[in-house]
Amino acid sequence: MMRRRRAVIAARERWLTGRWRLLARAAGSQAGQALLTPRAGRVIELLDLGPGKRYLDIGCGTAAYAHLLADRAGCEEPPVCLDIAHGPGPVDVIGWPERLPFGDAAFDCVSSFYFIRRFDDDVVHAFARELARVLAPGGRALVMEIAPVVNPLLNRLHAKLVSGGCPAVDLRGWGRLAATFSEAGYDAIDLVNAGPFLLPPVPRVGILLRKAPAEG
């Protein structure tokens, strides 16, 4: 486990500080994330993000997009931004996905964009359970990732294109994600049609995870 963790962190640091650092920072900027992710208003609507909501972003990169979402949604408090290592942006918390350093029901809204493809299945299973644990009753979490395709050659090309910051890439489709997250204790899981990357047209998949409001 520690060997895998070191490999993931080292790959991320090479991406942020090596020859691709300008591309990495551009991709993590507000403008870059706006191109890679559905429009901000749609994300805010899916998360039901707004005043009074406690918002966590996991795998935040530069944290620019999370702050953009919180500002546009009128949140009184800034988002809590977690990543696996310090980066060029304001990372608030360093943590690992299978053991999030937060209390139970700590957040009403959680986002995680293009984060889990770098992790093995056991880590993603644990991450799914941890998301359910930190999500408050009535809360929502949105997980976005790159989706696989049927053509193996095209799939390898797509994996190569999105391998920045990853020691290895595992592209999971809707079926695998639904199976993984359905075991973690959510009351509803919805497929989000995110559309492809702008350039090149690499498909994506999104899942919206919901907890039922507390009774009474």
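All residue numbers in this chain count up from 1 along the given sequence. Below, all heavy atoms of this structure are taken into account, side chains as well, without hydrogens, waters or symmetry copies.
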Cys75 SG to Leu69 CG distance, which is reported to the nearest 0.5 Å = 8.5 Å

Looking at Asp170 and Arg118, does any basic side-chain N land under 4.0 Å from a carboxylate oxygen?
-> no

Aromatic centroids of Phe102 and Phe107 separated by under 6.0 Å | yes

How long is the gap from CG on Asp57 to NE2 on His67, to the nearest 0.5 Å?
-> 9.0 Å

Leu157 versus Leu153: any side-chain heavy-atom pair under 4.5 Å?
-> no

Identify the two heavy atoms, one from Lys211 and one from Ala136, that lie closest to each other, and give their separation to 0.1 Å.
-> CB-O, 3.7 Å

Determine whether Pro101 and Val93 make a side-chain contact, defined as any pair of heavy atoms from C-beta on separated by less than 4.5 Å.
-> yes

Mind running side-chain contact (heavy atoms from CB on, under 4.5 Å) on Ile58 and Phe113 for me, showing each step along the way?
-> CA-CA 8 Å; Ile58 298 173; Phe113 301 137; over 6 Å; no

Is a side-chain N or O of Tyr55 found less than 3.5 angstrom from the main chain of Ser111, in a donor-acceptor match?
-> no

Separation of Ile146 CD1 from Leu161 CG (nearest 0.5 Å) | 9.5 Å

Minimum heavy-atom distance Leu171-Val169, with the two atoms named | CD2-CG1, 3.4 Å

Please tell me if the side chains of Leu142 and Val110 come closer than 4.5 Å, counting only heavy atoms from C-beta onward.
-> no

Do you know the tightest heavy-atom contact between Pro51 and Gly74?
-> CG-O, 3.5 Å

Is there a side-chain contact (heavy atoms from CB on, under 4.5 Å) between Glu183 and His125 once you walk through the steps?
-> CA-CA 8 Å; Glu183 302 168 358; His125 277 276; 3.5 Å; yes

Nearest 0.5 Å please: distance from the CZ atom of Arg129 over to the CG atom of Leu131.
-> 11.5 Å

Could you check Leu177, Ile207, Ile189 and say which one makes a side-chain contact (heavy atoms from CB on, under 4.5 Å) with Ser182?
-> Ile189

side-chain contact (heavy atoms from CB on, under 4.5 Å) between Arg54 and Asp108, worked out = CA-CA 5 Å; Arg54 300 164 295 173; Asp108 305 294; 3.1 Å; yes

Interatomic spacing from CD in Glu76 to NZ in Lys53 - rounded to 0.5 Å = 11.0 Å

Closest non-hydrogen atom pair, Pro137 against Ala105 = CD-CB, 4.1 Å

Would you check if the side chain of Asp120 reaches a backbone N or O of Val123 as a donor-acceptor pair within less than 3.5 Å?
-> no

Could you give me the CA-CA distance, side-chain angles and deciding distance for Asp104 and Arg133, then say whether salt bridge (charged side-chain N to carboxylate O under 4.0 Å, His left out) is met?
-> CA-CA 5 Å; Asp104 296 351; Arg133 181 184 65 80; 2.9 Å; yes

Indicate yes or no: at least one non-hydrogen side-chain atom of Val149 is less than 4.5 angstrom from one of Pro203.
-> yes

Minimum heavy-atom separation for Asp48 to Cys109, with atom names?
-> O-SG, 4.0 Å

Do the non-hydrogen side-chain atoms of Met144 and Val205 ever get within less than 4.5 Å of each other?
-> no

Should the pair Tyr186 and Phe181 be assigned to parallel (<30°), tilted (30 to 60°) or perpendicular (>60°) ring geometry?
-> tilted

Would you check if Phe119 and Ile84 make a side-chain contact, meaning some heavy-atom pair closer than 4.5 Å?
-> yes

Any donor-acceptor pair under 3.5 Å linking the side chain of Glu130 with the backbone of Leu100?
-> yes

Does the side-chain contact (heavy atoms from CB on, under 4.5 Å) test come out yes or no for Arg117 and Val162, once each step is laid out?
-> CA-CA 9 Å; Arg117 68 180 179 275; Val162 299; 3.9 Å; yes

Smallest heavy-atom separation, Val143 atom then Ile116 atom, equals CG1-CD1, 4.2 Å

Can you check whether Arg176 reaches Asp121 side chain to side chain, under 4.5 Å on heavy atoms?
-> yes

Just by modelled atom types, is the Gly41 backbone N or O under 3.5 Å from a matching donor or acceptor in the Arg72 side chain?
-> no

